[in-house]
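Below: one structure, written as structure tokens.
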There are 2 protein chains.
Amino acid sequence: MKQKQADQAGENILYRYCIPEWRTVVDTGRELRSVKKGQPVFSEKDIVQGVFFIDTGKVKIHQRWGDEKELIIRFAKNGDMLGYRGLGKEKVYPVSATALEDTTLVYLDIRLFEATLQVNPRLTYALMDFYANELEATERRVRNMAHMEVKGRVAEAITMLKRDFGVNEQGFIDIKLTRQDMASYVGTTYETISRMISELEAEKLIRTSGKNIAVLNEKQLEQLL
Amino acid sequence: MKQKQADQAGENILYRYCIPEWRTVVDTGRELRSVKKGQPVFSEKDIVQGVFFIDTGKVKIHQRWGDEKELIIRFAKNGDMLGYRGLGKEKVYPVSATALEDTTLVYLDIRLFEATLQVNPRLTYALMDFYANELEATERRVRNMAHMEVKGRVAEAITMLKRDFGVNEQGFIDIKLTRQDMASYVGTTYETISRMISELEAEKLIRTSGKNIAVLNEKQLEQLL
DNA sequence: GCAAAAGTATGATTTATATCATAATTTTAA
DNA sequence: TTAAAATTATGATATAAATCATACTTTTGC
């Protein structure tokens, strides 16, 4: 279950579906960036200038709502793409991306990326498939929000995090989140998350140690869904 | 604001982005279907056999949850595509589509459609863009579910319906939904929808007549968002 | 290494909305 | 056309979760 680390800038959709001839162009145009934990990769309302591919580290994609509240759209890890939202109809990012730990990324100018799409129909096809799947997952989230109680949504979030990020040697899910970040993803308050985690722990479905979470009883946890 | 009717099977993404040479192939393979009000176009768990393009009529795309509850993912009208969700990884529809009024559709075998994508990169590109935008809209819905109260979500739904379906001569939004369908879209109960609509009407923001809804004060309605 | 800041657990109270209940109205189909 | 079925409006009650409050713990940055 341990997540494989991308040990080179390359384990991503861009490189996987790019024809070799064009890959040289991309390599010339690309740029490496690093972002410290807690720092933004880009922010809502920033002018869109390029797309990012995570090499190492983890990032949250989120959106502010009013003054205090935010919603986390998704968590991203090595290999994942950030910052592309269809043709540049809108010229600003509709979301923010913030590093959850020290992160390195490959940056590609938006014009170069769009040219790359034109030249590589298979990449466009893969990207279409990615969005179609992402859409389905997001629709599932809407459904959960509408009909599932918070505890079930927390169980779902933990299950998703385990699937996407794997676990480390001690069995803890390989991503550390604050209660507030969990809350912003699940769509509730950090107090409620705190309570739900205490409950799940009392029921021996999970085990925690600070921000670490380990699943103890996967089957029963999934019964809450 | 009146919605333009597609007076021929053709006002859709498929025809718009299909190269002329291939269009003949599509025309040969296509099939016309009609579905009576209340009848399914396809259902969750059905084997995916093809994709649909609405010619006339309106359709809801929805998903059951447990025994009684459902969530409406979106409403579709002439020109809209139904039933395609990325490469045929899953062989069953994850959602149902049901006619809200008598509807006619163009049906295309899934293999023919995927071949069409291979031959028409611009179609793939357009589809990718469609999904990217749909994703953004759905993420917005998740956010609304998480942070907005029911009344605001009802206001948002009404605004969206007006934008997407236009209004008729009497100013009513050109789609008739039951309170239950509204509820299933907004993520609440039909009793709550009933109350919210009464409230909005008392505040003179909308006007209703049976299932018809007209917006009276767009600005103030949008202030609820 | 330590003080300040950020994050966490848990209790008490409030509140929005679900649920339950009933009567009135509209739609459907025989 | 008419009776049955579906839909709607609205009131009363219950409840999950938000909010408010406080003490405790961990993390951060100088």
Side-chain angles (χ1 to χ4, degrees), chain A residues 36-39 60 65-72 98-102 144-155 157 172 175-203 206-213 224, chain B residues 36-39 60 65-72 98-102 144-155 157 172 175-203 206-213 224:
Chain A
K36 288 266 168 223
K37 176 176 178 180
Q39 293 304 112
K60 65 173 174 180
W65 201 85
D67 254 3
E68 280 295 283
K69 293 177 177 176
E70 74 163 7
L71 180 83
I72 293 180
T98 303
L100 291 170
E101 44 188 71
D102 292 359
N144 291 161
M145 290 291 230
H147 297 311
M148 202 182 268
E149 302 195 340
V150 173
K151 194 164 176 182
R153 305 210 306 268
V154 173
F172 290 118
I175 186 173
K176 290 168 95 176
L177 299 172
T178 64
R179 300 289 182 256
Q180 181 56 66
D181 275 348
M182 289 271 269
S184 297
Y185 182 76
V186 167
T188 183
T189 61
Y190 72 91
E191 294 100 321
T192 297
I193 287 287
S194 206
R195 279 180 246 270
M196 292 304 160
I197 288 194
S198 296
E199 279 186 37
L200 291 173
E201 196 158 23
E203 295 164 29
I206 63 171
R207 176 169 63 91
T208 69
S209 166
K211 290 185 177 46
N212 290 297
I213 299 178
L224 294 175
Chain B
K36 287 264 167 222
K37 177 178 179 179
Q39 292 306 111
K60 63 174 173 179
W65 201 84
D67 255 3
E68 280 294 283
K69 293 175 178 178
E70 74 163 7
L71 180 83
I72 293 179
T98 303
L100 291 170
E101 44 189 69
D102 293 358
N144 290 162
M145 289 292 229
H147 297 311
M148 202 182 267
E149 302 195 339
V150 173
K151 195 164 177 183
R153 305 211 306 269
V154 172
F172 289 118
I175 185 172
K176 289 168 97 176
L177 299 171
T178 64
R179 299 289 183 258
Q180 180 57 65
D181 275 348
M182 289 270 269
S184 297
Y185 182 75
V186 166
T188 184
T189 60
Y190 71 92
E191 294 99 323
T192 297
I193 287 286
S194 206
R195 278 180 246 272
M196 292 304 159
I197 288 192
S198 296
E199 279 187 37
L200 291 172
E201 196 158 24
E203 296 163 29
I206 63 171
R207 175 168 63 93
T208 69
S209 166
K211 289 185 178 46
N212 291 299
I213 299 178
L224 295 175

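In the text below, chain A, chain B and the rest are named by the order of the sequence lines, each starting its count at 1.
At a cut-off of 3.5 angstrom, the base of D:dT19 holds at least one donor-acceptor pair with the side chain of A:Arg195.
The CG atom of B:Leu177 sits 16 Å away from the C1' atom of D:dA6 (whole-angstrom rounding). Atom pair B:Glu199:CD and C:dA16:P shows a separation of 11 Å (rounding to whole Å applied). Straight-line distance from the NZ atom of A:Lys37 to the P atom of D:dT26: 15 Å, rounded to whole Å. In this structure, A:Glu191 atom CD and D:dA21 atom P are separated by 12 Å, rounded to whole Å. Here the C1' atom of nucleotide D:dA9 and the OH atom of B:Tyr190 are 10 Å apart, to the nearest Å. As rounded to whole Å, 15 Å separates atom P of D:dT10 from atom CD1 of B:Ile193. Between B:Lys176 atom NZ and C:dT26 atom P the separation is 12 Å, expressed in whole Å. Per the geometry, CD belonging to A:Glu68 stands 16 Å off P belonging to D:dA18, to the nearest Å.
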Practice problem: Could you walk me through whether B:Glu199 and B:Lys151 pass salt bridge (charged side-chain N to carboxylate O under 4.0 Å, His left out), step by step? | Solution: CA-CA 9 Å; B:Glu199 279 187 37; B:Lys151 195 164 177 183; 2.9 Å; yes
Quiz prompt | Verdict with supporting geometry, A:Glu101 and A:Lys36, salt bridge (charged side-chain N to carboxylate O under 4.0 Å, His left out) | solution = CA-CA 7 Å; A:Glu101 44 188 71; A:Lys36 288 266 168 223; over 6 Å; no
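Using a distance-only test at 3.5 Å, with no hydrogens or angles considered, no donor-acceptor pair links the side chain of B:Thr192 to the main chain of B:Thr188. The backbone N or O of B:Asp181 lies less than 3.5 Å from a partner atom in the side chain of B:Thr178, making a donor-acceptor pair.
Overall bending of the helix from C:dG1-D:dC30 to C:dA30-D:dT1, expressed as the angle between end axes built from five pairs apiece, is 70° (10° steps).
Distances shorter than 4.0 Å separate some side-chain N or O of A:Thr189 from OP1 or OP2 on D:dA18. In terms of phosphate contacts, B:Thr192 brings no side-chain nitrogen or oxygen within less than 4.0 Å of OP1 or OP2 of C:dA16. OP1 or OP2 of D:dA6 has not a single side-chain nitrogen or oxygen of B:Thr178 nearer than 4.0 Å.
Distances were taken from every side-chain heavy atom of A:Glu149 (C-beta onward) to each of D:dA16, C:dT8, D:dT7; the shortest belongs to D:dA16. Checking D:dA17, C:dT17, C:dT27 against the side-chain heavy atoms of B:Lys211 singles out C:dT27 as nearest.
Minimum interatomic distance between A:Leu71 and B:His147 (heavy atoms only, all atoms of both residues): N-NE2, 3.9 Å.
No cation-pi contact links A:Arg153 to A:Tyr185, judged by a cut-off of 6.0 Å to the six-membered ring centre and 45° from its axis. Note that A:Arg195 lies outside the cation-pi zone of A:Tyr190, set by a 6.0 Å cut-off to the ring centre and a 45° limit from the axis.
Contacts of A:Ser194 with the nucleic acid, taken as non-hydrogen atoms under 4.0 Å apart, include base atoms.
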